[in-house]
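Have a look at the structure below before the remarks.
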Amino acid sequence: MYSMTNTTSAPLAGQSAPTGALRGGQRAALASVPAAADTDERTRDRVLSAVLEHGPVSAAELGDLLGFTPAAVRRHLDHLSRAGVIEVKRVARAGAGAGRPARRYVLSSQGQSSLGDDYLNIASLALKQLGAVAGDEAVRQFAVERFAEMERRYAPEVEAAGTDITARAQALSAALSRDGFVASTASIEAKAPLPAALSSVQLCQGHCPIQQLATQFPVFCDAETEMFSRLVGVDVRRLSTLARGGHVCTTHIPTGRPAISVAEAAGSQPDNLNEVSNHLQERP
């Protein structure tokens, strides 16, 4: 008779070894698997947040922002791409002539939706009913009043930034970010032989909490653009919107002219947003 006291049987093919049969290092490695998965998940959340805030952004830029190696950041980007929450946008390199466009990452439509749109379906139905009962003008007035409330909250901060348009745009960006629009600004300086008056700031919004509504009711984008114009004190131009298929909402703000105060701008607000022709919204 053979004694089994000090004998450990090997696991069958396809089965895991009993915990007691593992060596110390093997048990430690097995125990670390959930922790490693949690770490990867948190890291991917950081990468996704960075794409949301800075997109369109390259893998190299993300690595610099987050302190990751190129291999690490690409691994997480590949995972997020397979999950469908980010996608690649080809962007021509500035000053690179006809060379191959650079790869930039942005949130996909699925990624935007995953950020949450609670109650938007109900709001959409309510606005459709409002339009059916009271007409399009009632929907327009609802949008105007919605952004009027935001304008009242933002105005003191923007006014505190002074008369410099760039500073006012940055103050507006900070206020929008607090409301979940993930806003940022980028200055574009006109270089000779172009006149300095052509310098501008681009205000970008990486997320729109009411994107679904704005897609169905473009008057929300119109009302928001008018609000931006009054707050910064100059006419602005909408270059793209998430609601119309853009990867970000981008507003062109000229900086080569003096700003007017919020009160003065409010006095010149048009009665009908459809009459405004210098606030274009186009798909990039």
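Taking 4.5 Å as the limit, some side-chain heavy atom of Leu176 sits within range of a side-chain heavy atom of Met150.
Note: Thr69 OG1 to Arg74 CZ = 10.5 Å, rounded to the nearest 0.5 Å. Once rounded to the nearest 0.5 Å, the distance linking CG of Leu48 with CZ of Arg46 reads 12.5 Å. How far CE of Met227 is from CZ of Arg230: 8.0 Å, rounded to the nearest 0.5 Å. Arg75 CZ to Leu80 CG: the interatomic distance, rounded to the nearest 0.5 Å, is 11.0 Å. Between the CZ atom in Phe181 and the SG atom in Cys204 there is a gap of 14.5 Å [rounded to 0.5 Å]. Here the straight-line distance linking atom NE2 of His76 with atom OG1 of Thr43 works out to 4.5 Å at 0.5 Å rounding.
Under a hydrophobic-cluster definition in which Ile, Leu, Val, Met, Phe, Trp and Tyr are linked whenever side-chain heavy atoms come within less than 4.5 Å, directly or via other members, Ile86 and Val57 are assigned to the same cluster.
No more than 12 heavy atoms of other residues, nucleotides or ligands shown are found within 6.0 angstrom of CG on Asp136.
In this structure, Arg237 contributes its side chain and Ile253 its backbone to no donor-acceptor pair below 3.5 Å. Side-chain atoms of Thr215 come within 3.5 Å of backbone atoms of Gln211 as a donor-acceptor pair (strictly under, hydrogens ignored). Without hydrogens or angle criteria, Thr185 side chain to Gln202 main chain gives no donor-acceptor distance under 3.5 Å. Side-chain atoms of Ser240 come within 3.5 Å of backbone N or O of Val248 as a donor-acceptor pair. In this structure, Ser177 contributes its side chain and Ala183 its backbone to a donor-acceptor pair below 3.5 Å. In this structure, the side chain of Glu61 engages the main chain of Ser58 through a donor-acceptor pair within 3.5 Å.
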Working for side-chain contact (heavy atoms from CB on, under 4.5 Å), residues Glu224 and Thr241: CA-CA 11 Å; Glu224 183 184 61; Thr241 62; over 6 Å; no
Audit row: Arg152, Glu149, salt bridge (charged side-chain N to carboxylate O under 4.0 Å, His left out) steps and yes/no: CA-CA 5 Å; Arg152 284 191 292 270; Glu149 186 276 330; 6.0 Å; no
Steps toward side-chain contact (heavy atoms from CB on, under 4.5 Å) verdict (Arg153, Arg178): CA-CA 12 Å; Arg153 290 190 289 111; Arg178 285 199 307 274; over 6 Å; no
